[in-house]
Amino acid sequence: MTSRPSAEPRDIPEATVARLPVYLRALTTLTEDGVATCSSEELAQATGVNSAKLRKDLSYLGSYGTRGVGYDVAYLRYQIARQIGVTQDWPVVIVGIGNLGHALANYSGFRSRGFRVVALLDADPQRQHEVVAGVDVRPFDDLETIVADCGVAIGVIATPAGAAQDVADRMVAAGIRSILNFAPTVLSVPDGVDVRKVDLSIELQILAYHEQRKSPHLPLTPIEEAAI
């Protein structure tokens, strides 16, 4: 018997929200592989999450499984996509078209996951009028006009750290309420503005910590030797 989703889903914890895109990616892969149904154990294995945690996460959305059968992959995929908000087209603007900005602009996954890059902006006149991934690079001073004309929902900051706060301030003043920050700095924003920070150097340092623990006999640095 398939349970109906509850009419009023409970508030979803942030930790669960962070895992929903992982489930969505796995379900998308299963769909592309022609898989029609899967168990919680199979989905958990595909996502690297234990099955009890996965079932708990999905319970916040409603009950979409069938006893003895599992989950309808396409239906669950749609429900998670709807909950996240990627069943619609979100206009995105990227500010800072250096190497990282170029890479982000060329990322094909945006379009397939519900995000449309409507503008690329840079304050450097030498960058302006370039075309990256079919989109013209425009002056940063065009930000307010673009946000108003295109209904921009999400701003991506790929500038050096020193410029990031000013860019965030301009985005907020223009009406953007969701920011993805790749600059290596902490942004100060008003209440009601959501910021997600992506810091590749921190992720590498975390990996270095774990790598060091796997190799306890690494040679001492000169500072460590002097301290002995």
Side-chain angles (χ1 to χ4, degrees), residues 12 14 17-32 61 73-160 163-183 187 189-190 192-200:
I12 302 177
E14 283 297 318
V17 172
R19 287 188 288 270
L20 291 181
V22 179
Y23 302 151
L24 181 60
R25 181 175 59 193
L27 289 163
T28 298
T29 299
L30 290 171
T31 300
E32 292 171 349
L61 310 184
V73 171
Y75 184 65
L76 182 58
R77 176 192 178 200
Y78 169 76
Q79 293 298 337
I80 292 178
R82 182 175 64 86
Q83 187 69 49
I84 296 175
V86 294
T87 54
Q88 58 182 300
D89 198 27
W90 293 103
V92 174
V93 61
I94 299 175
V95 178
I97 313 303
N99 291 334
L100 177 57
H102 270 79
L104 293 170
N106 279 289
Y107 176 53
S108 61
F110 283 135
R111 171 65 72 176
S112 63
R113 288 168 173 80
F115 303 96
R116 176 171 51 93
V117 177
V118 297
L120 305 174
L121 305 180
D122 201 290
D124 184 352
Q126 294 184 352
R127 294 282 186 192
Q128 295 159 16
H129 307 301
E130 290 182 16
V131 178
V132 182
V135 180
D136 292 333
V137 178
R138 296 172 57 177
F140 178 56
D141 283 342
D142 289 353
L143 174 68
E144 288 78 8
T145 299
I146 291 168
V147 171
D149 290 348
C150 301
V152 173
I154 299 171
V156 178
I157 298 176
T159 65
Q165 184 63 56
D166 288 340
V167 171
D169 291 344
R170 286 276 296 273
M171 284 182 171
V172 172
I176 292 175
R177 293 293 177 266
S178 295
I179 297 173
L180 181 60
N181 177 34
F182 284 89
L187 299 177
V189 297
V193 177
D194 294 310
V195 175
R196 297 288 297 180
K197 188 175 189 303
V198 181
D199 192 322
L200 301 180

With the side chain counted from C-beta on, respond yes when Arg77 and Leu24 share a heavy-atom pair under 4.5 Å apart, and no when they do not.
-> yes
Check whether more than 12 heavy atoms from other residues, nucleotides or ligands sit under 6.0 Å from atom CZ of Arg19, and answer yes or no.
-> yes
Nearest 0.5 Å please: distance from the CG atom of Leu27 over to the CG atom of Leu76.
-> 5.0 Å
When rounded to the nearest 0.5 Å, the distance separating CG of Leu187 from CG of Asp166 is 10.5 Å
Heavy atoms, side chains only, cut-off 4.5 Å: are Arg196 and Ile179 in contact?
-> no
Does the side chain of Leu61 come within less than 4.5 Å of Leu20's, by heavy atoms?
-> yes
How far does CG of Asp169 sit from CD of Gln165, to the nearest 0.5 angstrom?
-> 4.5 Å
Which atoms form the tightest heavy-atom contact between Glu144 and Ala174, and what is the distance?
-> CG-CB, 4.1 Å
Contacts of Tyr107 meeting ring-ring contact (aromatic ring centres under 6.0 Å, His included) (sequence neighbours excluded), chain-then-number -> Phe110
In Å, rounded to the nearest 0.5 Å, how long is the span from CZ of Phe182 to CD1 of Ile94?
-> 8.5 Å
The reported gap from OG1 in Thr159 to CG in Leu100 (rounded to nearest 0.5 angstrom) is 9.5 Å
Shortest non-hydrogen contact from Pro91 toward Val118 = CB-CG1, 3.9 Å
What's the shortest heavy-atom distance between Ala105 and Val132, and which atoms?
-> CB-CG1, 3.7 Å
Paired with Asn181, the side chain to side chain contact (heavy atoms under 4.5 Å, CB included) test is passed by just one of Val167, Val189, Ile157, namely Ile157
Step by step, work out the side-chain contact (heavy atoms from CB on, under 4.5 Å) result for Arg170 and Val95.
-> CA-CA 11 Å; Arg170 286 276 296 273; Val95 178; over 6 Å; no
Should Val172 and Arg177 count as side-chain neighbours, where that means a heavy-atom distance under 4.5 Å?
-> yes
Side-chain atoms of residues 145-156: list all donor-acceptor pairs with protein atoms under 3.5 Å, sequence neighbours left out, distances to 0.1 Å.
none

Quick one: does Ile97's side chain get under 4.5 Å of Asp124's, heavy atoms only?
-> no
If we only count heavy atoms from C-beta on, is the Ile12 to Gln83 side-chain gap below 4.5 Å?
-> yes
What is the distance from atom CG of Asp122 to atom CZ of Arg138, rounded to the nearest 0.5 Å?
-> 13.5 Å
